[in-house]
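Here's the structure we're looking at; comments come further down.
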Number of protein chains: 4
Amino acid sequence: MAAQKSPRSASGRPAPDAARRSERSRRAIYDAALALVVEVGYPKTTVEGIAARAGVGKQTIYRWWPSKAEVLMEAFLDLSLQAAEEAAEGEAGQAPYAIPDTGDVAADLKAVLRATVDELRDPRYEAPARALAAEGVVNEPLGREFMARLLGPSLQLYVDRLRAAQEAGQIRADIDPRIALELFVSPLAQRWLQYTGPISHEYTDTLVDYALNGLAPR
Amino acid sequence: MAAQKSPRSASGRPAPDAARRSERSRRAIYDAALALVVEVGYPKTTVEGIAARAGVGKQTIYRWWPSKAEVLMEAFLDLSLQAAEEAAEGEAGQAPYAIPDTGDVAADLKAVLRATVDELRDPRYEAPARALAAEGVVNEPLGREFMARLLGPSLQLYVDRLRAAQEAGQIRADIDPRIALELFVSPLAQRWLQYTGPISHEYTDTLVDYALNGLAPR
Amino acid sequence: MAAQKSPRSASGRPAPDAARRSERSRRAIYDAALALVVEVGYPKTTVEGIAARAGVGKQTIYRWWPSKAEVLMEAFLDLSLQAAEEAAEGEAGQAPYAIPDTGDVAADLKAVLRATVDELRDPRYEAPARALAAEGVVNEPLGREFMARLLGPSLQLYVDRLRAAQEAGQIRADIDPRIALELFVSPLAQRWLQYTGPISHEYTDTLVDYALNGLAPR
Amino acid sequence: MAAQKSPRSASGRPAPDAARRSERSRRAIYDAALALVVEVGYPKTTVEGIAARAGVGKQTIYRWWPSKAEVLMEAFLDLSLQAAEEAAEGEAGQAPYAIPDTGDVAADLKAVLRATVDELRDPRYEAPARALAAEGVVNEPLGREFMARLLGPSLQLYVDRLRAAQEAGQIRADIDPRIALELFVSPLAQRWLQYTGPISHEYTDTLVDYALNGLAPR
DNA sequence: TCGTAAACGAGACGGTACGTCGCGTCTTTAT
DNA sequence: ATAAAGACGCGACGTACCGTCTCGTTTACGA
């Protein structure tokens with residue numbers, strides 16, 4: 001079995017040694033990237049600017065990420081992780097990363113969506129989330145990564161909760177939960193992303209009602 | 001009232017005389033912009049590239065548009081207009097710009113959504129539409145313009161059709177059509193924009209069924 | 001005869017239109033390059049620095065010169081030209097660009113060499129001349145250009161003066177003037193370039209004496 | 001007197017312990033530096049390149065030399081030393097490091113200069129010698145070191161030989177040998193360094209003749 | 001019908017950021 | 001304990017486009 005002295009990444013460049021990576025720099029880069037996106041917007045956020053703000057050489061960024069979009073992706077991922085951990089601490093003993101199940105699907109979904117609305121309005125989350133979404137629209141690999149690492153896991157929580165509701169007989173058994181969740185999640189996403197309408201707690205409540213009960217008369 | 005020899009736009013620059021504008025150049029610029037977005041993608045499409053390909057001076061672009069996003073917006077608007085006119089010719093005597101009303105809402109909606117799916121898969125439409133959507137996500141004024149000039153009018157057609165369905169008693173009267181349409185339009189939009197899932201005729205059919213009948217058992 | 005719409009330089013890049021070149025920028029670049037070489041030395045003089053000091057975009061330098069060495073070459077050539085013109089004004093009616101001929105070769109050569117010594121000590125000339133010489137040593141094309149455009153013409157003046165001396169019988173007819181001149185010019189050049197010894201009026205006087213009369217006893 | 005555990009050089013850094021220096025590494029660094037200068041030229045020879053080629057850490061270079069110029073200087077000095085030792089072996093019983101004295105100054109000088117011409121044409125010597133000369137032109141301390149350690153000793157040999165000639169009555173007693181030698185050495189040096197003309201055995205022979213006999217008629 | 005003023009093509013300009021290279025220092029790893 | 005390996009902060013490289021600004025050259029209008 002041949003020893004592999006200098007492993008190469010897909011780009012053909014020798015892969016850097018991750019074990020010797022500076023944790024300090026990584027944190028500073030995450031912080032700088034997030035702060036800049038909030039302060040000056042994504043298009044005016046430059047790799048050079050991130051490096052300067054983080055007190056880091058440009059090469060240190062290019063060594064570990066292929067583009068500013070990937071930097072922001074990991075920074076945002078890290079931010080979400082931290083937030084999730086903090087949230088988990090508050091509700092000790094409870095399953096983290098799950099939509100609560102009080103027995104009332106409608107109420108549970110409304111609660112989660114209200115929380116989501118609040119989050120989408122917090123500039124600290126909104127700016128990077130919007131930037132990543134925009135980049136992903138036009139950059140398919142990044143878009144798919146965004147889906148795989150952020151959107152997907154979140155959507156899975158809805159799938160799980162809807163499955164539970166099906167078992168409880170609150171949702172028809174022949175419904176595909178993966179599609180069903182889009183009836184209330186996607187409208188919110190589109191209003192937020194494309195300014196197709198205002199978002200509010202009232203609005204998401206209505207979405208849940210419409211989706212669960214349908215538009216046609218009974 | 002004082003004579004105004006060289007009227008100035010809000011930017012303080014003398015407004016160009018639109019009457020003397022070269023139609024030839026405008027067309028060439030539209031064609032070049034759309035072609036480049038399809039061929040090399042939006043981020044690699046540059047004003048310089050558009051000018052070169054259109055055989056036009058850069059200033060001719062900057063004279064009439066403030067940014068490449070606006071150029072593309074108008075180019076795409078123009079493209080949509082042309083396409084709509086062509087489509088209208090095929091169905092003479094019928095109201096253009098409307099969702100057909102056969103009396104069966106579900107069928108009508110499914111038909112329109114199937115057509116939309118086809119369009120979203122045509123690279124000639126997809127590339128510029130995606131580019132504008134992405135730009136609009138991160139550039140609010142442009143996003144709102146995109147909504148006002150393209151998305152809005154399209155969505156209004158759904159509102160009209162849903163209103164007709166309400167009058168025909170096929171949809172509950174207390175439903176807000178502006179929100180209702182999002183139950184089947186937004187999921188498609190999100191899957192397309194964010195790669196959250198595959199899009200197909202089957203999928204949109206399912207969306208219409210779910211939306212009209214709801215998820216909960218009757 | 002084919003029209004040549006976009007002539008290309010040897011580098012394969014379209015040649016810029018010299019007619020539209022900014023004289024203002026060129027002057028500013030010359031001045032900045034010379035000043036920086038004097039102030040911070042050649043190795044610390046950067047294209048970026050020249051551009052910044054000249055108030056010019058980097059591309060304006062790269063558009064017209066392939067390297068900082070070539071910039072400095074032309075700047076120095078320009079400086080020499082100006083100096084020569086100023087000098088020529090002072091001695092109206094006299095042939096410019098020539099070594100004076102008073103009939104006494106030894107005296108004439110000593111006078112020119114003394115002037116050269118003075119020039120080599122003037123930092124405004126020394127710094128760029130030294131920089132170009134150094135670069136030329138290790139960069140053959142540039143070295144040859146330096147020889148062709150600066151050194152060569154100067155040495156030719158010695159050839160001319162020595163020929164006159166041969167006709168006047170002050171120098172043997174079988175002597176090759178192109179080689180002869182090196183007996184007093186090259187020693188000065190080497191002392192200056194390589195710090196092999198101090199340079200002074202006395203020293204160059206001695207060189208002329210030794211060269212004309214030889215080292216062996218008569 | 002206080003014990004000094006880690007003596008510090010003028011730079012304030014702890015002086016490395018020369019006794020523990022790796023002879024192996026030094027040799028590898030010399031070889032790599034010389035080879036690179038020959039192969040890619042001095043400007044493209046980098047400390048990183050030398051280290052990589054020598055299979056040595058960069059720090060091992062920086063520990064012992066302040067710059068790539070100094071590395072090359074010592075490498076070249078070492079090369080010259082080796083060459084001189086090899087040459088000395090061939091002529092056993094004779095004084096090493098001296099210009100032969102056959103009684104005929106002209107012949108002896110011509111012989112040495114012919115050998116020098118040959119050396120200057122050997123790429124293994126030419127490339128590093130030229131590199132060091134160029135660096136020395138623009139970097140005064142290095143230039144003076146080059147003079148002190150390489151050029152000076154070589155020139156001294158000429159001084160010695162010329163003194164002998166003066167005692168033998170072949171050269172006038174009032175001649176300064178330190179200046180005299182420049183009449184034939186410097187022209188060769190300048191032609192070589194600055195491409196002011198071709199170098200050949202014929203050329204150096206002529207230089208010796210001109211220098212010894214002078215240019216003026218007797 | 002002809003001048004003339006505007007729009008036009010071309011592209012040079014002052015800039016900003018790109019992604020890369022090499023510097024000289026510092027740290028880790030594996031003898 | 002030493003030295004290879006190489007990550008780091010830094011600064012310059014040479015390139016690509018930005019948006020502005022002249023340049024002549026059409027072009028179309030109104031005198």
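Letters A, B, ... mirror the listed sequences (proteins, then strands); counts begin at 1.
Residue D:Arg27 qualifies as enclosed at atom CZ: its count of foreign heavy atoms under 6.0 Å is above 12.
For D:Ala69 against D:Tyr42, the heavy-atom pair with the smallest separation is CB-OH, 3.6 Å. Closest approach of B:Leu142 and B:Gly136 over heavy atoms only: CD2-N, 3.9 Å. When every heavy atom of C:Ala54 is checked against every heavy atom of C:Ala28, the shortest pair comes out as CB-O, 3.5 Å. The shortest non-hydrogen separation linking C:Val38 to C:Pro128 is CG2-CD, 4.4 Å. Nearest heavy atom pair, residue C:Ala131 against residue C:Val37, reads CB-CG1, 4.3 Å.
Here the P atom of nucleotide E:dA10 and the CZ atom of B:Arg53 are 16 Å apart, to the nearest Å. Rounded to a whole Å, the CD1 atom of D:Ile61 is 13 Å from the C1' atom of F:dA5. Between the P atom of F:dA12 and the CG atom of C:Leu36 lies a distance of 11 Å, rounded to the nearest Å. Here F:dC10 presents its P atom at 13 Å from CZ of A:Arg63, a figure rounded to the nearest Å. To the nearest angstrom, P of F:dA4 lies 14 Å from CD1 of D:Ile50. Between the OH atom of A:Tyr62 and the P atom of E:dA17 there is a distance of 12 Å, rounded to whole Å.
D:Trp65 pairs in a side-chain contact (heavy atoms from CB on, under 4.5 Å) with only one of the listed residues (D:Thr60, D:Ile29, D:Leu72), which is D:Ile29.
Proximity of C:Trp64 to the phosphate of E:dC13: a side-chain N or O atom is located under 4.0 Å from OP1 or OP2. Proximity of B:Trp65 to the phosphate of F:dG19: no side-chain N or O atom is located under 4.0 Å from OP1 or OP2. The phosphate of F:dG9 (OP1 or OP2) has a side-chain N or O of A:Thr60 nearer than 4.0 angstrom.
Of the residues in residues 67-74 of chain B, not one places a heavy atom less than 4.0 Å from an atom of DNA chain F. Residues of residues 39-48 of chain A that place a heavy atom closer than 4.0 Å to DNA chain E, in numerical order, are A:Thr46, A:Val47, A:Glu48. Contacts between residues 18-32 of chain C and DNA chain E, defined by a heavy-atom separation below 4.0 Å, involve C:Arg20, C:Arg21, C:Ser22, C:Ser25, listed by number.
Projected onto DNA chain E by closest heavy-atom contact, A:Pro66 and C:Ala51 fall at different nucleotides, the more 5' of which corresponds to C:Ala51. Both B:Lys58 and D:Gln59 sit near DNA chain F, but only D:Gln59 has its closest nucleotide nearer the 5' end.
Taking the charged nitrogens against the carboxylate oxygens, C:Arg53 and C:Glu48 have no contact shorter than 4.0 Å, which rules out a salt bridge.
Among the atoms of the strands shown, none is found under 4.0 Å from any heavy atom of D:Gly49.
A:Lys68 places a side-chain N or O within 3.5 Å of a backbone atom of A:Thr45 that can act as its donor or acceptor partner. D:Arg130 places a side-chain N or O within 3.5 Å of a backbone atom of C:Val137 that can act as its donor or acceptor partner.
Side-chain contact check for A:Lys44 versus A:Glu39: every heavy-atom pair is 4.5 Å or farther apart.
Relative to the six-membered ring of A:Trp64, A:Arg21 meets both conditions, a distance below 6.0 Å and an angle of at most 45° to the axis.
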